[in-house]
Structure formats: structure tokens, C-alpha cells
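These values consider heavy atoms only, across backbone and side chains, with no hydrogens, waters or symmetry-generated copies. The structure presented is a predicted model; accordingly, all values stated were derived computationally and were not measured. Whatever order the structure lists ligands and atoms in, that order sets their numbers, starting from 1.
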Amino acid sequence: MYAFTFERPSTIADAAKLAASGAKVLAGGQTLLASMKLRLSNPGTLADLGAIKELAGIRKDGNSLVIGAMTRHADIAESDAVKTAIPALADMAGHIGDKQVRAMGTLGGSVANNDPAACFPSAVLGLGATVQTSKRQIAADDFFLGMFTTALAEDELITAISFPLPKRAAYMKFRQPASRFALIGVFVAQTDGGVRVAVTGGGNGVFRHKGLEDALNKSFTPAAAAAVKIDASGLSSDIHASAAYRANLISVMAQRAVAKA
Ligand SMILES: Cc1cc2nc3c(=O)[nH]c(=O)nc-3n(C[C@H](O)[C@H](O)[C@H](O)COP(=O)(O)OP(=O)(O)OC[C@H]3O[C@@H](n4cnc5c(N)ncnc54)[C@H](O)[C@@H]3O)c2cc1C
């Protein structure tokens, strides 16, 4: 690693001030520290969010579940409140990476990073959640702008994410066997505003699949999902899977998610 200054602010305002002066915020470090070790990232200052108590925690707020940005994947997976309100979210968190990654990785870090194969962005988009930041509230549909890119400004922190409770929902992923990231992951939710389907692992970041949403709005059945032809153009081909294989996985994961929801 290159040398850096380490700060540990205790308020969101102080963390935002540090970010505005060029510091990089540190959450679970599962991506950021690895990229620093590889010298792909070279922040002059790290602002560790770990001492800001109000950033972690899970609470029910009316018809929504609000989860703090610094809440670890393991805490989401094991939370009775999450298991009761949105079991699909607890199930997703429990299948991220391995035990060590789940013990350190955070909801906010995952969503801010917006890795194109990450799981949580598909839950945020699939449930039509709202990202709460140090400056404003951003609807999921306006938040994800393509791989590793979000609507966050340089000095803007995610403070929490508010998930409206769905009627039912499920997430299915076909794991990349080494990392357990999603080769393809599909989050399906029946919400008050209709069915939402979010796909991760396709290449250029998480996206909604209108064809699947239309079909599942008419009939929320695996057969209806199976009848939708998935276009492979725009999906990535790499050493792990061709675009055609990924397109088939979207269909299969969608069918399984509907069956599970
Ligand atoms: C071996 C391995 C396997 C993994 N498997 C999976 C998997 O199966 N599914 C999956 O979804 N993910 C997986 N991950 C990713 C992991 O779960 C973390 O979610 C991810 O690495 C980022 O979260 P973090 O809390 O560690 O963030 P960090 O690495 O600390 O930060 C990541 C980025 O987000 C920024 N950031 C962090 N918090 C905030 C905030 N509150 N506001 C604004 N910006 C912020 C940081 O500045 C940095 O740019 C895996 C990671 C590893 C190392």
C-alpha cells in the first residue's frame, strides 16, 4: 500500500467534511483495502465510518425497513426484524461471499461500490428502495448509473437505505464458484406498485428487466417467466460465461425466484 492518513470521525457531518476535502470513506474495506493493497487506489486520507454509531442498525419505520449504511451483511442475515419483514433480504445477505466477508462487508459499501456482480444493488432496485444520503434521498431507479457508478457526489455518504415491504420477494443467484459473486442474480418482488425484477451480473451494472416485469404482472408464475425471451445483446461475455449463457441464466434464475417468493 501507499502511505495514507487514517481518520476516524464520530459524526456524519465530520465524515462528510473529510470526504469533501478529498478523503475516501472506509466501510468494511472488503473492496477498498484490497484495491489499495494492489495499488489500484491511492487515497491520501481514509475516513473510517466505523465509529459513527448512528450509521449502523435496523429498524422498522411504518411500512418500510430502514437499514443503516454500516450494518454488516452478517447482521442483516441474522436479524429477526429482517427475516420477518423481508426474508429475501436476509437470505441474500446470508449468501454473500464467505463468513469473513459477511462479518466485515456493509450494505452501504456494497451499494456505493455498485460492483456489476454484487447482490445488494439488485435488492435495492428490485424492492424500489430509497437511498438516504448525507444530502438527500435518492430513489433506486435514479441511483445506479452503470458499473461502479452511482448518483452519489464525491462528498456524499450513504447513511441508510429504506426498503418498502413487498407482498413477496425472492433472490436467486448463480454463484461464481470462487468468489460467490453473482454470475447472474435475479431479484423478484411483488410490490404495491407492481412486479419489479432486477438483474445483477449481466455486465454493465444492475438493471430492471421490463419483459419479465410485464409477464409477471399478468401472471406471477414460473411458467410466465419461462415464456419471456431474454435478449443476450448487451450482456457481457467473459472467461466465466458467454452472453447467451448469461441470458439463459436470467430466465432460469427468474423462474426459480418466482417459485421461491
Ligand atoms: C472474497 C469476496 C467475496 C465477495 N462476494 C460477494 C457476493 O457474493 N455478493 C456481493 O454482493 N458482494 C460480495 N463481495 C463484496 C463485499 O460483500 C462488500 O459488499 C464490498 O466489498 C464492499 O463493501 P465494504 O463495506 O467492504 O466497502 P469498502 O470496501 O469499505 O468500500 C467500497 C467503496 O464504497 C465507498 N463507501 C463505503 N461506504 C460508503 C458510504 N456509506 N457512503 C458512500 N460511499 C461509501 C468506499 O469509499 C469505497 O469506494 C465479496 C467481496 C470479497 C472480498
Side-chain angles (χ1 to χ4, degrees), residues 4 6-9 11-12 15-16 18-20 22-38 40-52 54-57 67-77 89 91-126 131-136 138 143-144 147-161 171-185 187 198 200-201 205-206 240:
F4 58 90
F6 183 80
E7 300 278 359
R8 197 167 159 85
T11 66
I12 293 170
L18 283 162
K24 192 103 180 129
V25 298
L26 174 68
Q30 297 301 290
T31 295
L32 182 52
L33 294 183
S35 64
M36 287 171 66
K37 283 181 189 167
L38 292 168
L40 295 171
S41 176
N42 180 21
T45 302
L46 273 192
D48 178 9
L49 302 180
I52 308 176
E54 65 205 273
L55 284 181
I67 305 184
M70 283 298 287
T71 312
R72 314 275 170 182
H73 304 327
D75 294 327
I76 296 173
L89 209 53
D91 181 53
M92 165 185 279
H95 289 91
I96 286 177
D98 49 40
K99 220 169 176 180
Q100 288 87 346
V101 169
R102 294 194 292 275
M104 292 303 292
T106 67
L107 173 64
S110 174
V111 172
N113 196 47
N114 193 19
D115 186 297
C119 300
F120 268 124
S122 72
V124 172
L125 190 61
V131 180
Q132 301 178 2
T133 81
S134 49
K135 293 174 188 254
R136 56 191 166 138
I138 309 173
F143 185 82
F144 300 104
M147 69 164 118
F148 297 114
T149 313
T150 70
L152 286 176
E154 284 295 315
D155 60 343
E156 187 171 20
L157 310 183
I158 298 177
T159 54
I161 298 184
Y171 175 67
M172 288 299 300
K173 76 169 159 179
F174 191 86
R175 305 191 307 186
Q176 205 286 339
S179 72
R180 293 151 197 187
F181 271 100
L183 205 52
I184 284 292
F187 197 99
T200 187
V206 66
H240 303 299

(message) Suppose I only count heavy atoms of Ala69 and a 4.0 Å limit; which atoms of ligand 1 are within that range?
(response) 41 (N)

(message) Out of all atoms in ligand 1, which are within 4.0 Å of some heavy atom of Ser110? Include the element for each.
(response) 19 (O), 22 (C), 23 (O)

What is the closest protein heavy atom to [atom], and at what distance does it sit?
| atom | result |
| --- | --- |
| atom 3 (C) of ligand 1 | Ser179 O, 3.3 Å |
| atom 27 (O) of ligand 1 | Gly109 CA, 3.5 Å |
| atom 26 (O) of ligand 1 | Gln30 N, 2.7 Å |
| atom 17 (O) of ligand 1 | His73 NE2, 2.9 Å |
| atom 42 (N) of ligand 1 | Ile158 N, 2.9 Å |
| atom 21 (O) of ligand 1 | Thr31 OG1, 2.5 Å |
| atom 28 (P) of ligand 1 | Gly29 N, 3.4 Å |
| atom 8 (O) of ligand 1 | Arg180 O, 2.6 Å |

Checking contacts here: is it the side chain or the backbone of [X] that comes within 4.0 Å of ligand 1, counting heavy atoms only? Could be both or neither.
| X | result |
| --- | --- |
| Arg72 | neither |
| Arg102 | neither |
| Val101 | side chain |
| Leu33 | neither |

Between [X] and ligand 1, does any nitrogen or oxygen pair lie at a separation below 3.5 Å?
| X | answer |
| --- | --- |
| His95 | no |
| Val25 | yes |
| Leu157 | no |
| Gly28 | yes |
| Leu32 | yes |
| Ala27 | yes |
| Cys119 | yes |
| Lys173 | yes |
| Gly97 | yes |

(message) Tell me every residue that passes ring pair (Phe, Tyr, Trp, His ring centres under 6.0 Å) with Phe120, counting only those two or more places apart in sequence or in another chain.
(response) His73

Measuring only between side-chain heavy atoms, which start at C-beta, is [X] closer than 4.5 Å to [Y]?
| X | Y | answer |
| --- | --- | --- |
| Cys119 | Ser110 | no |
| Lys24 | Phe4 | no |
| Ile161 | Phe143 | no |
| Val131 | Val124 | yes |
| Asp155 | Lys135 | yes |
| Ile96 | Val101 | yes |
| Leu46 | Pro43 | yes |
| Thr200 | Ile184 | no |

(request) To the nearest 0.5 angstrom, please state how far the CD1 atom of Ile158 sits from the CG atom of Leu152. (result) 5.0 Å

(request) State the NZ-CE distance between Lys173 and Met92, to the nearest 0.5 angstrom. (result) 8.0 Å

(request) For side chain to side chain donor-acceptor pair (under 3.5 Å), just list the numbers for Thr133 and Glu156, CA-CA rounded to whole Å, side-chain angles, deciding distance to a tenth of an Å, and then say yes or no. (result) CA-CA 7 Å; Thr133 81; Glu156 187 171 20; 2.7 Å; yes

(request) Of all the heavy-atom pairs spanning Thr149 and Asn114, show the shortest one and how long it is. (result) O-ND2, 3.0 Å

(request) Would you name the heavy atoms of Ser122 and Ala198 that are closest together and state the gap between them? (result) O-CB, 3.4 Å

(request) Check each of Phe148, Phe181, Phe120 against atom 4 (C) of ligand 1 and report the one with the nearest heavy atom. (result) Phe181

(message) Heavy atom to atom 33 (C) of ligand 1, shortest distance: which of Leu26, Ile96, Asp48, Asn113 holds it?
(response) Asn113

(message) Any carboxylate oxygen within less than 4.0 angstrom of a Lys/Arg side-chain nitrogen, looking at Asp75 and Arg102?
(response) no

